Amino acid sequence: MKTVGVTKIKNIKNYFGEKIGIDIYYALSKFVYTLDEKETKLTDNDGNPTTHLKRIFDGTKGLLMNGIKPVYIFYEQSKVFSTCSAYNSQIISSVEINEIKRLLTYLGIPFVNSISECTILLKTKEIYGVATSEENQKSFGAKILLRDLPFQEKTKTLMTEVHFNEVSSFADKDQKIELKWRQPDEENLIKFLCNEKQFNEENLCKGIKKIKESLIKFRQTTLHQYFKKGKKQQMKK
DNA sequence: CCTCTGGCCTGAGACGTG
DNA sequence: ACACGTCC
DNA sequence: ACTTCAGGCCAGAG
C-alpha cells in the first residue's frame with residue numbers, strides 16, 4: 001500500500017517526555033513472529049511461551065530510557081483490519097493478553113482497553129500520536145502515526161512520523177482519560193516473572209533499575225517539559 | 001560531478017561475549 | 001568489526 | 001483497504 005500521509009523524520013531526543021499510544025499488536029508483531037519461528041522458543045517451566053512478556057518488558061524499558069512514555073492500546077484483534085497481519089498470522093491468545101496486562105500493571109505503565117479510548121486520548125491531546133499499522137490509522141483517530149520506535153535501549157537515533165489529514169473516529173469532547181505512570185512494583189515483578197515465568201532475577205533487577213532511573217529523569221525535567229508543551233500550543237494558534 | 005529522492009526488492013529480535 | 005549463543 | 005515494515009541499493013533528477 002502506498003503511504004498517503006506526509007512523512008517526517010525527527011531525532012528521538014525531540015520526543016523526551018512525550019506520551020504516545022502503542023497498538024499492543026504492533027508492539028508484539030515482529031518479535032513474537034520471529035522468535036516463535038525459532039527452535040529455541042522462550043518458555044516457562046510448563047512450556048508456555050514467554051516471548052510476549054520479554055518483548056513488552058524490554059520494549060517498555062527501551063522506550064522509557066529513550067524518554068518516551070508509552071500507553072498501550074488493547075482491543076479485540078478482529079475489530080480492525082488485520083493489524084500487522086503478515087506478522088500476526090498467529091492470534092495472540094487471551095491468556096497472553098492478560099499476562100501482558102498484569103505485567104504492565106506491575107510496571108506502572110498505563111493501558112486502555114478499546115480503540116475509542118485511544119481516540120479520546122488523541123482528541124484531548126493526552127497523547128501525541130500512535131504507533132500502529134497504516135490501515136488502522138483512521139479508525140484509531142490518529143493524525144500522527146509513529147514509526148521506528150526505539151524499543152531497544154541503544155542504537156536508534158531517528159524516529160518517523162506520518163501525518164494524515166483525515167480520521168474517521170470522533171470522540172465526545174467531554175470525555176477525558178487520565179494517564180499515570182507509576183513506580184514499578186519490584187516485588188510483584190519478581191514474583192511474576194522470576195517465580196512463575198523463570199526470568200533471571202539478576203537480569204530482571206538490572207532492568208527494573210534502568211526503568212527507575214528513567215522515571216527519575218522524567219521527574220527532574222517536568223518543568224522543562226511543561227514549558228515545551230506551552231510553547232507547542234502557542235505555535236499551533 | 002555531486003547529492004538527494006523515490007521506487008523496487010528483500011528479509012524479518014535484542015543483547016552480550018569471544 | 002563479525003559471528004554466535006543466550007534470553008526463558 | 002484485504003501480504004507489512006524498514007533498510008539497502010540503484011537509477012534518474014536537480
Side-chain angles (χ1 to χ4, degrees), chain A residues 1-10 12 22-66 77-92 95-96 99-100 102-103 115 129-142 145-162 164-169 189-211:
Chain A
M1 191 201 296
K2 210 177 175 182
T3 299
V4 197
V6 178
T7 303
K8 295 183 184 180
I9 298 172
K10 291 187 184 176
I12 282 164
I22 301 176
D23 178 334
I24 189 64
Y25 303 107
Y26 182 87
L28 289 170
S29 53
K30 255 191 198 174
F31 194 82
V32 171
Y33 177 77
T34 50
L35 258 186
D36 283 353
E37 289 290 300
K38 289 195 177 180
E39 297 156 5
T40 55
K41 286 186 183 178
L42 306 183
T43 65
D44 62 16
N45 279 346
D46 300 326
N48 300 312
T50 50
T51 48
H52 55 303
L53 296 172
K54 181 161 171 59
R55 168 60 166 176
I56 296 303
F57 183 87
D58 289 347
T60 302
K61 182 183 74 178
L63 291 168
L64 290 171
M65 288 179 72
N66 279 287
Q77 216 170 347
S78 57
K79 284 246 170 92
V80 283
F81 298 103
S82 50
T83 300
C84 321
S85 53
Y87 296 132
N88 269 352
S89 47
Q90 56 193 342
I91 300 290
I92 313 287
V95 173
E96 290 167 312
E99 283 179 347
I100 292 168
R102 195 174 154 203
L103 171 62
I115 292 167
V130 180
T132 184
S133 67
E134 205 168 300
E135 306 173 293
N136 293 344
Q137 169 263 330
K138 272 193 186 179
S139 53
F140 274 56
L145 277 194
L146 300 168
R147 285 282 123 84
D148 310 329
L149 270 60
F151 286 115
Q152 326 83 301
E153 55 182 86
K154 294 172 191 168
T155 65
K156 288 233 175 193
T157 53
L158 299 175
M159 209 163 122
T160 306
E161 292 180 3
V162 189
F164 296 84
N165 289 323
E166 283 187 40
V167 295
S168 59
S169 290
L189 281 171
I190 291 171
K191 266 190 203 162
F192 180 32
L193 294 179
C194 299
N195 299 356
E196 291 180 39
K197 297 295 175 185
Q198 281 71 54
F199 275 58
N200 179 285
E201 188 165 335
E202 194 188 325
N203 290 344
L204 182 73
C205 289
K206 269 188 217 163
I208 295 171
K209 197 180 162 210
K210 284 179 181 174
I211 289 173

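Quantities reported herein were computed from a predicted structural model and do not represent experimental measurements. Naming convention: chains lettered A, B, ... in sequence-line order (proteins, then strands); numbering from 1 in each chain.
If you take atom P in B:dA14 and the same atom in D:dG7, they sit 11 Å apart, rounded to whole Å. Straight-line distance between the P atoms of B:dC9 and C:dT6: roughly 39 Å, to the nearest whole Å. To the nearest whole angstrom, the two P atoms, one in D:dT3 and one in C:dC7, are 39 Å apart. Separation of the P atoms belonging to D:dC5 and B:dC15 is 22 Å when rounded to the nearest angstrom. B:dG18 and C:dC8 have their C1' atoms separated by 23 Å, with the value rounded to a whole Å. Taking the P atoms as reference points, D:dA11 lies 15 Å from B:dC1, given to the whole Å. D:dT4 and B:dT17 are spaced 39 Å apart, taking the P atom of each and rounding to whole Å.
Distance, A:L204 CG to C:dC7 C1': 13 Å, rounded to whole Å. Atom CG of A:L158 and atom P of D:dA6 are 13 Å apart (whole Å). A:D23 places its CG atom 15 Å from the P atom of D:dT4, with the value rounded to the nearest Å. Regarding A:I22, its CD1 atom lies at a distance of 16 Å from the C1' atom of D:dC5, rounded to whole Å. One can place CD1 of A:I9 at 11 Å from C1' of D:dA6, the figure rounded to the nearest angstrom.
Put simply, the side chain of A:D46 never gets that close to the backbone of A:N48: no donor and acceptor are under 3.5 Å apart. The main-chain N or O of A:N45 is found under 3.5 Å from a side-chain atom of A:Q198 such that the two form a donor-acceptor pair. Of the possible donor and acceptor atoms, one in the side chain of A:T50 sits under 3.5 Å from a partner among the backbone N and O of A:L42. Remark: side-chain polar atoms of A:N66 are paired, donor with acceptor, to backbone N or O of A:G62 under 3.5 angstrom.
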Readout for nucleotides 13-18 of chain B: B = base within 4.0 Å of protein heavy atom, S = sugar-phosphate only, - = neither; 5' to 3' it is BSSS--
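For A:N195, the CG atom counts as densely surrounded, since its 6.0 Å shell holds more than 12 non-hydrogen atoms of other residues, nucleotides or ligands. Atom NZ of A:K10 sits in a crowded spot, with more than 12 heavy atoms from other residues, nucleotides or ligands closer than 6.0 Å.
Residue contacts shown for A:T50 are limited to sugar-phosphate atoms, with no base heavy atom under 4.0 Å away. Nucleic acid contact for A:N45: none, since no nucleic acid atom lies under 4.0 Å from a heavy atom of the residue.
When each of D:dC5, D:dA6, C:dC8 is scored by its nearest atom to the side-chain atoms of A:D148, the top-ranked nucleotide is D:dA6. Of the candidate nucleotides D:dA6, D:dT4, C:dC8, C:dC8 has the atom nearest to the side chain of A:T43.
When all heavy atoms of A:F164 and A:E134 are compared, the pair lying nearest together is CZ-CG, 3.7 Å. Scanning all heavy atoms of the two residues, the minimum distance from A:D23 to A:Y25 falls at OD1-N, 2.8 Å. Smallest separation of non-hydrogen atoms from A:L63 and A:F151: CD1-CE2, 3.8 Å.
Within residues 190-197 of chain A, no residue has any heavy atom closer than 4.0 Å to DNA chain D.
Between the CD1 atom in A:I24 and the CD atom in A:E96 there is a gap of 11.0 Å [rounded to 0.5 Å].
Checking the phosphate oxygens (OP1, OP2) of D:dC5, no side-chain nitrogen or oxygen of A:Y25 falls inside 4.0 Å.
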